[in-house]
Protein chains: 2
Amino acid sequence: MHIITFLQQHLPLSAEVVEELQKIIVREHLPKNHVLVRPGQHCRRLFFIEEGLIREHYQSLSGKETTYRFHTEDNFVTADESFIDGQPSQYYLETLEETTLCSISHEDFEQLLKRHPLFEQLHVLVMHQVMREMKERITALQFQTATERYESLLQNQPSIFQRVSLGHIASYLGISQETLSRIRSKK
Amino acid sequence: MHIITFLQQHLPLSAEVVEELQKIIVREHLPKNHVLVRPGQHCRRLFFIEEGLIREHYQSLSGKETTYRFHTEDNFVTADESFIDGQPSQYYLETLEETTLCSISHEDFEQLLKRHPLFEQLHVLVMHQVMREMKERITALQFQTATERYESLLQNQPSIFQRVSLGHIASYLGISQETLSRIRSKK
DNA sequence: TTCGCTTTTTGACTTTTATCAAAGAGCCTG
DNA sequence: CAGGCTCTTTGATAAAAGTCAAAAAGCGAA
């Protein structure tokens with residue numbers, strides 16, 4: 001979905017605002033396996049995924065990769081430590097499919113919120129949703145077994161298994177690839 | 001710290017706004033082990049902890065208690081699913097020490113944000129901070145060992161060990177009480 | 001279709017953590 | 001300070017998950 005369409009579903013946008021948005025939104029098409037942001041880099045843009053899939057991950061000192069989460073179409077994504085605090089990113093953002101993004105700069109984003117308080121509502125709404133998801137994630141990691149977490153994911157986002165390799169899913173679940181493979185074979 | 005003092009440290013408050021706040025803020029003193037919110041209940045107040053410590057936890061079907069997190073003085077706390085979405089809470093909020101709280105109702109909170117856009121800044125700031133903490137928590141649970149998580153907690157919040165029983169800390173770390181005890185004895 | 005590469009599975013073994021049970025320590029109260 | 005709590009530790013054992021290595025399966029390109 002195009003970002004303007006998405007915004008219109010959540011907010012009543014005047015023709016002027018739409019025009020203003022069109023001026024500041026940059027649209028781009030990225031190939032599969034393209035690294036958008038890597039640790040140490042600054043990221044001053046907020047992206048909206050029109051189509052595609054982005055993996056957010058980091059590497060431990062020993063070189064092991066861990067998937068923090070997947071971002072799919074119709075969602076916003078950015079290197080949040082960097083976008084919000086101006087710090088360098090600690091994570092990678094990498095496409096796992098051909099991906100179409102729309103993005104706006106940090107400055108334009110701030111301006112937009114200032115000029116049109118309407119956007120603040122959506123901003124807060126999105127943060128609430130992100131926090132809800134994070135809380136569920138924490139409790140899942142804290143007290144569910146690997147098998148339970150696997151089954152939740154299968155329930156809530158079955159399509160992810162068609163789109164992402166099991167190695168990436170395993171690290172997202174916080175388990176090794178072999179363990180995930182064994183969980184799957186036990187059914 | 002009193003909530004007004006806290007707010008003044010973050011925002012320039014006019015005398016009128018302070019007066020307005022004083023009208024809507026309710027201050028209360030709770031004993032140790034008081035349950036503020038329990039699962040199924042609605043919570044329409046936002047609390048600020050002036051003094052004390054609150055544990056947020058839930059119970060699995062099997063009856064096992066898991067600590068989602070601890071909330072300490074100079075922080076806001078509420079049953080977020082309930083305060084934000086109007087759903088019944090899924091968690092307990094329970095004091096682990098004598099606790100002094102200031103709180104405002106959901107309606108007053110909304111009014112305040114609407115009337116004084118200044119507060120929206122703090123609102124967003126607090127949410128950013130919460131999200132930062134949650135992200136760190138997720139990555140810790142995902143790829144650190146129990147020992148590493150224990151050591152991080154010891155680094156970042158050493159005082160918690162003086163204030164909270166090891167059983168609660170163990171469940172916060174996502175491990176059994178016995179495992180925590182063994183980690184501690186190995187040093 | 002075949003070669004080469006990546007992903008997934010399987011097996012053997014080790015490490016980590018949970019569980020159950022009981023002992024020990026600490027602490028409040030009468 | 002004695003008795004009865006709760007909290008913490010310790011021990012033995014079981015379950016869960018990790019690691020390493022190799023085989024199997026899948027897939028894309030020549």
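Chain identifiers are assigned alphabetically (A, B, ...) following the order of the sequence lines, protein sequences preceding nucleic acid strands; residue numbering begins at 1 within each chain. Bear in mind the structure is a predicted one, so any value in this text is a computation, not a measurement.
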Between CZ of A:Phe161 and C1' of C:dT7 the distance, given in whole Å, is 15 Å
In whole angstroms, the gap separating C1' of C:dT17 from CG of B:Leu141 amounts to 15 Å
Can you tell me if A:Glu51 has over 12 outside heavy atoms packed within less than 6.0 Å of its CD? no
Q.
D:dG18, OP1 or OP2 - any side-chain N/O from A:Thr179 closer than 4.0 Å?
A. yes
Quick note, A:Leu166 side chain, CB onward, closest among C:dT8, D:dG18, C:dA21 is C:dT8
Here the distance between atom C1' of D:dC7 and atom CG of B:Asn33, to the nearest Å, is 13 Å
Which of C:dG11, D:dT9, D:dG11 is nearest the side chain of B:Arg182? It is D:dG11
Above 12 or not: heavy atoms from other molecules or residues under 6.0 Å from CD of A:Glu20? yes
Discussion item. For D:dC7, does the base pair up with any side-chain atom of B:Gln177 as donor and acceptor (N or O, under 3.5 Å, distance only)?
Written reply: no
Categorize B:Ser165 for me: base, sugar-phosphate, or nothing, with a 4.0 angstrom heavy-atom threshold over every strand shown.
sugar-phosphate
Side-chain atoms of A:Ser185 come closest, of C:dT9, C:dA18, C:dT10, to C:dT10
Checking D:dA21, C:dA18, D:dG18 against the side chain of A:Ile175 (C-beta onward), the nearest is D:dG18
In whole angstroms, the gap separating P of C:dT7 from CD of A:Gln162 amounts to 17 Å
Q.
For A:Phe6 and A:His10, I'd like to know if the aromatic rings sit close, meaning centre-to-centre distance below 6.0 Å.
A. yes
Between CD1 of B:Ile169 and P of D:dT6 the distance, given in whole Å, is 19 Å
Result for 5'-nearest mapping on DNA chain D, choosing between A:Glu178 and A:Thr145, is A:Thr145
Rounded to whole Å, the CG-C1' distance (A:Leu173 to D:dA16) equals 15 Å
- Flag the pair A:Glu56 and A:Arg69 as a salt bridge only when some basic side-chain nitrogen lies within less than 4.0 angstrom of an acidic carboxylate oxygen. no
* To do: Find out whether the Lys NZ or Arg CZ of B:Arg44 is both under 6.0 angstrom from the six-membered ring centre of B:Phe109 and within 45° of the ring's axis.
  => no
To the nearest angstrom, the CG-C1' distance between A:Leu180 and D:dA16 comes to 15 Å
Rounded to whole Å, the CD1-P distance (A:Ile183 to D:dA17) equals 6 Å
Side-chain atoms of A:Ala146 come closest, of D:dT19, D:dA17, C:dT9, to D:dA17
